[in-house]
There are 2 protein chains.
Amino acid sequence: MPTDKLRTALVDDHPIVIEGLKMLLQNEENVKVVGGFGNGDTFLAYLKQNRVDLVLLDITLPGINGMDLCKMIKNESLTTIILVLSNHTERSIIMQTIQNGASGYLLKNSSVDELRNCISEALKGNICFSKEVIDIISRPSKNQLQGRPQLTRREKQILALLAEGKTSQNIADELFLSPLTVDTHRKNLIQKFEVKNVAGLIMAATQQQLL
Amino acid sequence: MPTDKLRTALVDDHPIVIEGLKMLLQNEENVKVVGGFGNGDTFLAYLKQNRVDLVLLDITLPGINGMDLCKMIKNESLTTIILVLSNHTERSIIMQTIQNGASGYLLKNSSVDELRNCISEALKGNICFSKEVIDIISRPSKNQLQGRPQLTRREKQILALLAEGKTSQNIADELFLSPLTVDTHRKNLIQKFEVKNVAGLIMAATQQQLL
DNA sequence: TATAAAATACCTAAAAATCAGTAGAAAAAA
DNA sequence: TTTTTTCTACTGATTTTTAGGTATTTTATA
């Protein structure tokens with residue numbers, strides 16, 4: 001644990017949010033706000049020249065978005081801890097920020113306590129979410145709710161091969177089937193997923209995590 | 001917080017693991033192991049008849065796999081807290097267990113301390129990972145590492161429409177372009193992603209989270 | 001063992017996609 | 001203001017997919 005205060009940066013395109021966070025963090029004894037930035041580029045430029053221990057990040061930003069920014073920050077400075085503070089409630093966004101290196105995700109209406117708690121958890125190397133975010137993550141997604149088609153073994157197999165970009169002929173050769181049979185399975189898949197072609201099929205299947 | 005001990009179930013197809021966990025948890029004052037199960041079906045049957053507060057789950061199971069089992073458990077008993085204890089180190093698997101309702105994911109070589117800590121975090125409603133798992137989550141995935149193609153604005157736009165299952169003609173109509181132009185973009189996309197057709201394209205693009 | 005579900009295979013014809021190029025205009029970057 | 005990139009559009013030939021179906025054989029399941 002560093003004896004110094006945490007050199008903390010705020011990245012948000014709303015000056016009011018920046019000011020508000022500054023006020024809130026003022027009282028934290030182990031935090032020192034070293035800057036507020038309205039977009040990713042100016043922050044990255046700062047990061048190249050200065051040490052930053054902690055950054056509170058918004059997702060919606062002019063130019064580079066917060067998700068991509070996470071990756072770039074980690075690329076520049078692996079030790080900088082990222083907490084995302086956003087209003088986005090889509091699970092995919094939350095997941096991706098974490099995959100891109102963030103140590104936590106809070107909604108902007110989180111309490112100061114939650115923020116404080118997440119900072120301390122993140123410092124310990126943990127990943128931390130605010131309560132509402134945990135609800136979002138745990139709640140089944142729309143894609144999963146909408147009845148997913150029941151696939152047979154063969155269909156799953158052929159679906160996987162289609163996803164690899166193989167033609168009916170390729171697949172037929174591989175599975176020792178007639179290409180016409182493969183066509184039939186392909187047709188049934190397209191029907192089951194209620195899509196128009198293989199492109200839509202692959203898309204629907206990945207969304208339902210069948211690939 | 002319940003004054004009773006946590007009614008805890010273990011689901012793993014290795015009897016040795018079950019026994020080991022029983023031994024470890026024996027000393028925990030707030031935990032009472034109510035059963036060990038070798039597969040998902042027998043556990044679900046038990047869950048229908050008995051209250052279970054906590055379940056430690058393996059991913060690799062005969063029959064229903066652990067990821068799907070998470071959903072079924074939550075479906076049956078929303079209050080049952082699920083911790084996954086597995087050897088799988090693929091990020092997609094970790095992510096999906098969480099999306100399916102698990103409150104934490106630990107590798108089997110985790111320390112008892114970590115397990116104890118995760119249990120208490122999970123009880124508080126938090127999501128908790130063991131150290132190695134956090135590393136896996138934060139580490140950029142293979143898919144993301146391998147040079148992702150640089151797409152132009154038009155290409156991204158057409159890629160998205162292709163993913164919806166639209167034909168070149170559809171897209172051309174929508175964007176007021178010649179279908180031949182759309183064909184060119186499509187061709188360039190296929191080249192950039194080094195795939196053979198649109199199916200492979202959609203697959204590659206989703207893997208690199210471009211869709 | 002009936003019965004249902006899955007897997008196999010075929011037909012015809014139209015629609016769409018892919019390959020392998022070229023090339024001018026517009027926009028963005030140096 | 002060059003230079004480069006992106007966007008646009010085309011030719012022509014070939015391959016593949018898609019949309020209607022039908023129909024027999026296996027394999028599970030009741």
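For the numbers below, each heavy atom of this structure counts, side chains included, while hydrogens, waters and symmetry mates do not. In the text below, chain A, chain B and the rest are named by the order of the sequence lines, each starting its count at 1.
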note: N197(A), atom CG; dT18(C), atom C1'; distance rounded to Å ~ 14 Å

Whole-Å distance, Q169(A) CD to dA9(C) P, equals 12 Å

Sorted by position of nearest nucleotide on DNA chain D, 5' first, the leading residue of Q191(A) and E155(B) is E155(B)

Next on the checklist: Under 4.0 Å, heavy atoms only, any strand: does S168(A) hit a base, just the sugar-phosphate, or nothing?
Outcome noted: sugar-phosphate

Decide side-chain contact (heavy atoms from CB on, under 4.5 Å) for T8(A) and V34(A); before the verdict, give the C-alpha distance in whole Å, the side-chain angles of both, and the deciding distance to 0.1 Å. CA-CA 6 Å; T8(A) 301; V34(A) 293; 5.7 Å; no

Name the nucleic acid region contacted by T181(A), choosing base, sugar-phosphate or nothing; use a 4.0 angstrom heavy-atom cut-off, strictly under.
base

Here the distance between atom C1' of dA17(C) and atom CG of L201(B), to the nearest Å, is 13 Å

| Backbone N/O of V52(B) and side chain of T80(B): donor-acceptor pair under 3.5 Å | yes

To the nearest angstrom, the CG-P distance between L180(B) and dA16(C) comes to 14 Å

TODO: Given side-chain contact (heavy atoms from CB on, under 4.5 Å), test I59(A) with V84(A) step by step and report yes or no.
DONE: CA-CA 7 Å; I59(A) 289 295; V84(A) 174; 3.7 Å; yes

* Can you check whether H185(A) has a side-chain N or O nearer than 4.0 Å to OP1 or OP2 of dA7(C)? -> no

Atom NZ of K192(A) and atom P of dA6(C) are separated, to the nearest Å, by 6 Å

Would you classify K196(A) as touching base, sugar-phosphate or nothing, given that sugar-phosphate means primed atoms plus P, OP1 and OP2, and contacts are heavy atoms under 4.0 Å? sugar-phosphate

| query | In terms of side-chain heavy atoms, does Y105(A) have a donor or acceptor partner in S130(A) at a distance below 3.5 Å? | reply | no

Between CG of D183(B) and C1' of dA15(C) the distance, given in whole Å, is 13 Å

Atom CD1 of I171(A) and atom C1' of dT8(C) are separated, to the nearest Å, by 15 Å

Exercise for the section: For the residue pair N100(A) and T97(A), confirm or rule out a side-chain donor-acceptor distance under 3.5 Å. Expected result: no

Atom CD1 of I190(A) and atom P of dA17(C) are separated, to the nearest Å, by 12 Å

*Can any side-chain N or O of R7(B) pair as donor or acceptor with the backbone N or O of R51(B) at less than 3.5 Å?*
yes

Contacted region of DNA chain D by chain B, from 5' end to 3' end of the hits, cut-off under 4.0 Å to heavy atoms, spans dT6(D) to dT11(D)

* Would you check if there is a donor-acceptor pair between the side chains of E174(A) and N170(A) at a distance under 3.5 Å? => no

Under 4.0 Å between a side-chain N or O of R153(A) and OP1 or OP2 of dA7(C)? no

